[in-house]
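Notes to accompany the following structure.
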2 protein chains.
Amino acid sequence: MTPRTSPGPRERLLAAGQQLFYSQGASVGVDALLKEANVARRSLYEHFGDKDGLIAAVLHRASAEDLAWYENALAGATEPRARLLGLFDRLDELVATPDFRGCRYFATDLSFADPAHPAHAETDAFRRSLHALLVRELEAMGHAHPERAAEQLHLLIEGTLVVGATQDGHHPGRAARDLAAVVLD
Amino acid sequence: MTPRTSPGPRERLLAAGQQLFYSQGASVGVDALLKEANVARRSLYEHFGDKDGLIAAVLHRASAEDLAWYENALAGATEPRARLLGLFDRLDELVATPDFRGCRYFATDLSFADPAHPAHAETDAFRRSLHALLVRELEAMGHAHPERAAEQLHLLIEGTLVVGATQDGHHPGRAARDLAAVVLD
DNA sequence: TTAGAAGTAGACCAACTGTTCTACTTTCCA
DNA sequence: TGGAAAGTAGAACAGTTGGTCTACTTCTAA
């Protein structure tokens, strides 16, 4: 019942944070977040404690969404090897998006020099999940060294994101895909 | 003459900026910079106009130093192929440094959402120089597709830096070196 | 119907930001 | 020796930051 016709302030804050933290960086002001979310100042502090709490919550949510994106990208094919190669095709499309600005998690890590900041726990968790996902796929295709290969694929993914974010016109996904094919053999 | 026994305020500001912008990010306060450089407030604004001017100048200087680092890393061998592979060995050592925090230029790009910020011109220039350096080496070894191979090597370098900055205990330089060997053939 | 929870709106605060300015000192060259 | 240039020290300023607080409204469930 009461299917909540429109999302509440908590949801709106998370959505606004996800968008603004990505496009502007973690330094966006609280005022901008409140305005974008159309939410009262008080609601932010009631729901998340402080700005850092919102940042961590946004990363937590984005992490789940991004992992789902990876799963979806893999689902483009059924054969294990084709699944992983297809991932790089999808990455190539992703980084070509006009407002692509690189990996949310690495950007967050760079924003907070203090290693005790709660955001780092979220970015670490994301990377571990991504690594586990890659290992799972590699094991499914019977790779001889899944751990090592996963690290190499991860390196190719990060490289693709950075090059995609900093250089226009390139197709880093294609370059990475060629190298990924080597890793898989 | 007057070999300037100790570096002047300009040099001290550049050195302090190079260190603090890297370790703390571009958001370090002017006060911290002045204190670290042991320089009067006024000197900063006389020499660099404003904080952004210092940021650009620091990047300009770091760019030259970092390119020299790449040249030096290549100089570990004479045979063209060994030169490029040796670069990844040096990168592997670099990212293992305890205070390594990733690529200065990518971090800077992420810090300034405004594409008109003067820092972006410096990071672009650095990347172009690095690309040219890679192309030069690939041509020297008679590679069939120097431009394409340079993009792949660049991707491997960026991936190495990101993984090195975010995951401890890994040896991304080794993983990248294996893949670089494939690129070179 | 009504009490209480949740939300809005916005004033307010202390701390900090980059920047400008004034006054004094050092350096160095003609 | 003298005087301009460059440097230091630090007060002051306006704008912004994250965060708290009060007063009012809306929703909702007993």
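Chain identifiers are assigned alphabetically (A, B, ...) following the order of the sequence lines, protein sequences preceding nucleic acid strands; residue numbering begins at 1 within each chain. These numbers come from a predicted model, not from an experiment.
Distance, B:L54 CG to C:dT17 C1': 16 Å, rounded to whole Å. Rounded to a whole Å, the CG atom of B:L20 is 13 Å from the P atom of C:dT17. Separating the CD1 atom of B:I55 from the P atom of C:dT17 is a distance of 14 Å, rounded to the nearest angstrom. What separates CG of A:L13 from P of C:dA6 is a distance of 16 Å, to the nearest Å. In this structure, B:L34 places its CG atom 11 Å from P of C:dT19, rounding to the nearest Å. Atom CG in B:D31 sits roughly 11 Å away from atom C1' in D:dG10 (whole-Å rounding). When the P atom of D:dT8 is taken as reference, atom CG of B:N38 falls 8 Å away, rounded to whole Å. Residue B:L33 contributes atom CG, which lies 14 Å from atom P of D:dT8 at whole-angstrom precision.
Relative to the side chain of B:P9, the nucleotides C:dA11, C:dT8, D:dG7 differ in distance, and D:dG7 lies closest.
Salt-bridge check for B:D66 with B:R104: passed, with a basic side-chain N closer than 4.0 Å to an acidic carboxylate O. Salt bridge status for A:R61 with A:E11: present, with a side-chain N to carboxylate O gap under 4.0 Å. Salt bridge present: A:R81 and A:D185 bring a charged side-chain N and a carboxylate O closer than 4.0 Å.
A heavy-atom distance below 4.0 Å to DNA chain C is reached by these residues of residues 42-51 of chain A, ordered by number: A:R42, A:S43, A:H47.
Ring geometry, B:F112 versus B:H117: the interplanar angle falls under 30°, so the pair is classed parallel (tilted spans 30 to 60°). By the 30° and 60° cut-offs, the orientation of the rings of B:H131 relative to A:H170 is perpendicular.
Side chain B:R41 to base D:dG10: no donor-acceptor pair is found below 3.5 Å.
Residue B:R12 places none of its side-chain N or O atoms closer than 4.0 Å to OP1 or OP2 of D:dG7.
Every residue two or more places apart in sequence or in another chain was checked for a side-chain hydrogen bond (donor to acceptor under 3.5 Å, both in side chains) with B:R148, and none qualifies.
Counting heavy atoms from C-beta on, the side chains of A:V39 and A:H47 never come closer than 4.5 Å.
At the heavy-atom level, B:D52 lies nowhere under 4.0 Å from the strands shown.
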